[in-house]
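Take a look at the structure set out below.
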Amino acid sequence: MHLSTSTSRKVQPIVYFIGFTAALAGLLFGLDVGVISGAQQFIQKDFAIPDWTLESIVSALLWGAVFGTLISGYFSSHFGRRKTILISALIFIVGSLLCAFATGADILIAARFVLGIAVGVASFTAPLYLSEISPQAVRGSMISMYQLMITIGIVIAFASDAWLASYATFGGILGGHWRVMLGIIALPAAVMFVGVLFLPESPRWLFMKGRKSDAIGVFTHMQLEQAEIDMEVREIEESLRVKQSGFSMFFQNPNFRRAIMLGVGLQTIQQLTGINVVMYYAPHIFKIAGFATTADQMWGTVIVGVTNVLATFIAIALVDRLGRKPIMYAGFVVMGLAMLSVGYFFKSDIDTHPDLGYPAIFALLMFIVGFAMSAGPIIWILCSEIYPNSGRDLGVTFSTSTNWFVNAIVGQTFLTLLTTLGNGNTFLMYGGLNVLFILFFMLYVPETKGVSLEKIEANLLSGLPLRKIGA
């Protein structure tokens with residue numbers, strides 16, 4: 001959203017407070033992604049379940065997230081972005097407690113599906129809210145803050161998992177209990193709920209509901225100058241002259257369908273980089289690399305998480321300076337070479353050449369750097385920018401549900417791929433995909449740095465090629 005006519009004007013602190021509080025949804029997202037990585041070995045032991053049941057426990061959250069994103073368009077459109085984030089916080093609390101008190105694998109699968117609904121709703125609504133309320137000059141950085149919070153959530157989950165697992169190793173009272181790992185997420189969910197109570201509604205949503213005076217009140221609350229407010233009002237009202245919305249726009253407007261397909265492609269690409277292979281099964285990967293003890297595997301995942309957090313700052317610092325596409329090209333090169341290297345080392349029989357374990361893990365960490373600085377935050381940024389205002393809810397529904405659908409497939413097939421293709425070939429496959437994704441970005445993805453959402457919309461609906469709608 002173009003909330004400033006000048007990038008030199010200092011962004012007010014209230015804007016960063018709004019961005020940080022909304023981005024807490026990313027923290028919960030990251031906690032849920034990270035916690036299962038460390039908890040799964042204890043769950044498998046307690047319930048005496050095979051690998052395929054464990055895959056179902058891991059992926060249940062992801063299938064729940066697919067459902068959550070499918071209902072998010074309705075909720076965010078009818079109740080508003082802010083209330084929808086509040087709803088997600090409540091479901092986070094309920095889902096976390098259900099997981100903590102699960103008495104069997106089937107109940108845990110159902111509980112994680114409920115938790116996944118919260119993740120899906122939050123992953124849909126928070127980036128959408130941030131894109132609609134952020135000043136243009138810092139829009140990329142504000143949405144990147146959401147991704148940063150995801151990475152912080154992951155590393156907190158990894159660290160807590162490792163700490164609790166150490167009790168199991170040394171016979172502590174907690175015994176590495178996975179119930180604590182899964183249930184404690186209810187606490188930050190409650191904090192987010194309270195914080196979001198103090199946030200304003202998206203001014204763009206307020207305009208769509210005919211609440212112009214309330215929307216102007218949000219701009220005033222964000223301490224914008226009157227000239228900026230007047231410009232915002234003109235641009236938003238101009239964009240809302242397109243009367244089509246939602247499914248009517250999808251069926252009648254081929255340019256909107258192009259944007260939908262681009263968003264679906266972008267989210268598919270993000271998941272097929274292989275990032276959640278690492279995040280969900282990091283201890284297993286460290287075991288393949290020759291790290292035999294549970295402590296080594298668990299603290300290895302902490303290193304993965306810390307690397308993920310630190311590398312995300314690269315995107316935050318550069319995305320509104322260098323642009324989206326240059327960073328994505330660099331990220332794909334790093335991710336592709338890193339995954340190909342991991343595959344090569346794993347094919348070289350680490351059991352007989354244990355010295356190869358360390359370069360394999362170094363390559364894995366370089367993959368994390370490549371993802372965190374590029375595809376992690378920038379895919380979310382692009383998917384919050386490319387849709388027309390009147391069809392944004394439906395567009396984000398399509399793209400975010402695609403993310404979770406592909407994510408679920410990746411999570412449910414990784415252990416099977418290791419068995420059927422082999423350790424090395426599985427990682428070589430993901431490395432090759434990263435190289436191919438460069439071509440997709442060259443042909444179809446626009447550069448949106450410094451371009452207002454209204455300008456992107458006008459270019460899209462005029463029929464310009466997708467790669468040029470940010471011009």
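Positions are given from 1 along the sequence.
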Exercise for the section: Quick one: closest heavy-atom pair of F47 and A102, and the distance? Expected result: CZ-O, 4.2 Å

Problem - Test ring-ring contact (aromatic ring centres under 6.0 Å, His included) applied to W404 and F29, step by step - result: CA-CA 12 Å; W404 289 109; F29 178 172; 4.9 Å; yes

Exercise for the section: Say whether N425 and K347, considering side chains only, have a donor N or O and an acceptor N or O under 3.5 Å apart. Expected result: yes

Exercise for the section: Take L90 and F193 through the side chain to side chain contact (heavy atoms under 4.5 Å, CB included) test and state the conclusion after the steps. Expected result: CA-CA 7 Å; L90 291 176; F193 180 87; 3.8 Å; yes

Problem - Gap between atom CG of L415 and atom CD of E55 - 0.5 Å precision - result: 4.5 Å

Problem - Interatomic distance, S123 atom OG to L128 atom CG [nearest 0.5 angstrom] - result: 11.0 Å

Handout entry: Non-hydrogen side-chain atoms of F367 and V334 separated by less than 4.5 Å
Key = no

Handout entry: Validation row: K325, P446 side chains within 4.5 angstrom (heavy atoms)
Key = no

Problem - Pair R81 + E201, salt bridge at N-O below 4.0 Å - result: no

Exercise for the section: Please assess W63 against Q412 for the test side-chain hydrogen bond (donor to acceptor under 3.5 Å, both in side chains), listing each intermediate value before the final yes or no. Expected result: CA-CA 10 Å; W63 292 116; Q412 194 150 7; 3.0 Å; yes

Exercise for the section: State, yes or no, whether a side-chain contact exists between I269 and F332 at a heavy-atom distance under 4.5 Å. Expected result: yes

Handout entry: Close side-chain approach of N403 to W380, heavy-atom, < 4.5 Å
Key = yes

Practice task
Could you list the residues that satisfy side chain to side chain contact (heavy atoms under 4.5 Å, CB included) with L340, not counting sequence neighbours?
Solution key: L428

Handout entry: Test item: I154 and M279 side chains (from C-beta on) under 4.5 Å apart, heavy atoms
Key = yes

Practice task
Give a yes or no on whether the backbone of V410 and the side-chain of Q271 come within a donor-acceptor separation of less than 3.5 Å.
Solution key: no

Handout entry: Heavy-atom side-chain proximity of F414 to I285 below 4.5 angstrom
Key = yes

Fill in the blank from the handout: Only residue of F346, Y281, F345 satisfying ring-ring contact (aromatic ring centres under 6.0 Å, His included) with F427 is F346

Exercise for the section: Would you mind checking if E447 and R467 are paired as a salt bridge, meaning a charged N to carboxylate O distance below 4.0 Å? Expected result: no

Problem - T312 side chain near M373 side chain, heavy-atom distance below 4.5 Å - result: no

Problem - Reported NZ-to-CD1 distance for the pair K449 and I327, which is rounded to 0.5 angstrom - result: 9.5 Å

Exercise for the section: Report the C-alpha distance between Q270 and N407 in whole Å, list the side-chain angles of each, state the deciding distance to 0.1 Å, and finish with yes or no for side-chain hydrogen bond (donor to acceptor under 3.5 Å, both in side chains). Expected result: CA-CA 9 Å; Q270 189 196 60; N407 193 341; over 6 Å; no

Handout entry: Stepwise side-chain hydrogen bond (donor to acceptor under 3.5 Å, both in side chains) check, S399 with Q267
Key = CA-CA 6 Å; S399 60; Q267 293 289 6; 4.6 Å; no

